[in-house]
Amino acid sequence: MLENLQKYKVKLASNSPRRRELLSGLGIAYEVKVLPGIDETYPDTLSGEEIPVYIAREKADAYRKDMEADELIITADTIVFVDGEVLGKPADEEDACRMLRKLSGRTHQVITGVCLTTVDFQKAFAAVTDVTFAALGEDEIRYYVSRYRPFDKAGAYGVQEWIGYVGVTGMQGSFYNVMGLPVQRLYQELKAL
């Protein structure tokens with residue numbers, strides 16, 4: 001599959017073990033290439049899907065100046081979006097609990113922006129998944145945060161962890177997008193290269 005990628009050295013520009021696992025699931029040969037200190041801020045005029053697409057492009061642009069002609073860089077950024085607020089990675093335990101209280105008993109969006117970049121072109125897209133949470137008790141929130149320490153996850157949760165098992169009551173869209181990489185959409189975009 002994806003024979004068209006054989007002309008590229010595919011590089012995943014991410015430290016996320018979940019993104020590595022998901023990309024590996026597509027059967028693509030790739031290497032991880034991570035540059036430290038990439039700015040992930042965005043203009044406050046952006047909203048929703050625009051935000052992670054902008055950040056994924058900014059990440060890609062950081063790699064562009066040193067790219068080789070046969071490289072294909074995959075960058076991504078995931079946000080949790082509720083009430084017009086972006087819930088990024090929590091600063092600490094209290095911030096994580098605050099985020100989960102905000103998500104409790106309601107539906108939010110998980111949006112991942114992905115950017116495919118070579119020296120000749122760049123294509124970016126977003127995938128959106130609506131996730132509905134059951135009402136979570138304070139004891140459940142504190143148990144999850146103290147045990148799973150979700151400080152590296154947007155919205156302070158990993159859908160593949162305990163909180164996803166007990167808290168997620170419904171989902172519209174890609175489950176894998178919620179994990180951090182919309183692999184079905186990525187597969188379609190890679191096929192079209």
State, with a plain yes or no, whether a side-chain heavy atom of [X] is found less than 4.5 Å away from one of [Y].
X	Y	value
Tyr144	Glu161	yes
Arg149	Glu93	yes
Thr129	Met171	yes
Ile51	Ile111	no
Val178	Val131	yes
Asn177	Thr78	no
Lys102	Asp83	yes
Leu72	Leu5	yes

Tell me whether [X] is salt-bridged to [Y], with the criterion being a basic N under 4.0 Å from an acidic carboxylate O.
X	Y	result
Arg142	Asp139	no
Asp152	Arg18	yes
Glu68	Lys33	no
Lys89	Asp95	no
Glu31	Lys11	yes

* Do the rings of Trp162 and Tyr148 sit parallel, tilted or perpendicular, given the 30° and 60° boundaries? ->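 Rings of Trp162 and Tyr148: parallel, under 30°.
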* Shortest non-hydrogen contact between Ala76 and Thr112, atoms and distance ->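 In this case the closest contact between Ala76 and Thr112 is CB-CG2, 4.3 Å.
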* To do: May I ask you to check whether Ser24 and Tyr30 show a side-chain donor-acceptor distance below 3.5 Å?
  =>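 Distance-only check passes for Ser24 and Tyr30.
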* Any side-chain donor-acceptor pair under 3.5 Å between Thr41 and Asp39? ->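 Checked: Thr41/Asp39 side chains pair up, N/O donor to acceptor below 3.5 Å.
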* Among the clusters formed by ILVMFWY side chains lying less than 4.5 Å apart, do Val159 and Leu23 turn up in the same one? ->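 Shared cluster, yes.
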* Ile74 CD1 to Ile28 CD1 distance, which is reported to the nearest 0.5 Å ->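 If we round to the nearest 0.5 Å, Ile74:CD1 and Ile28:CD1 are 6.0 Å apart.
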* To do: If a pair satisfies ring pair (Phe, Tyr, Trp, His ring centres under 6.0 Å) and one of its residues is in residues 69-121, list it, with sequence neighbours excluded.
  =>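 For residues 69-121: His108-Phe133, His108-Tyr157.
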* **Side chain Asn4, main chain Leu190, donor-acceptor under 3.5 Å** =>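 Yes, the answer is positive, given that a donor and an acceptor are paired below the 3.5 Å cut-off.
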* Kindly say whether Ala56 contributes a backbone atom to a donor-acceptor pair with the side chain of Thr75 at under 3.5 angstrom? =>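 Yes.
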* Given the rule in the salt bridge (charged side-chain N to carboxylate O under 4.0 Å, His left out) test, do Arg101 and Glu140 qualify, once you have shown the distances and angles that lead to the verdict? -> CA-CA 10 Å; Arg101 280 186 215 106; Glu140 293 167 318; over 6 Å; no
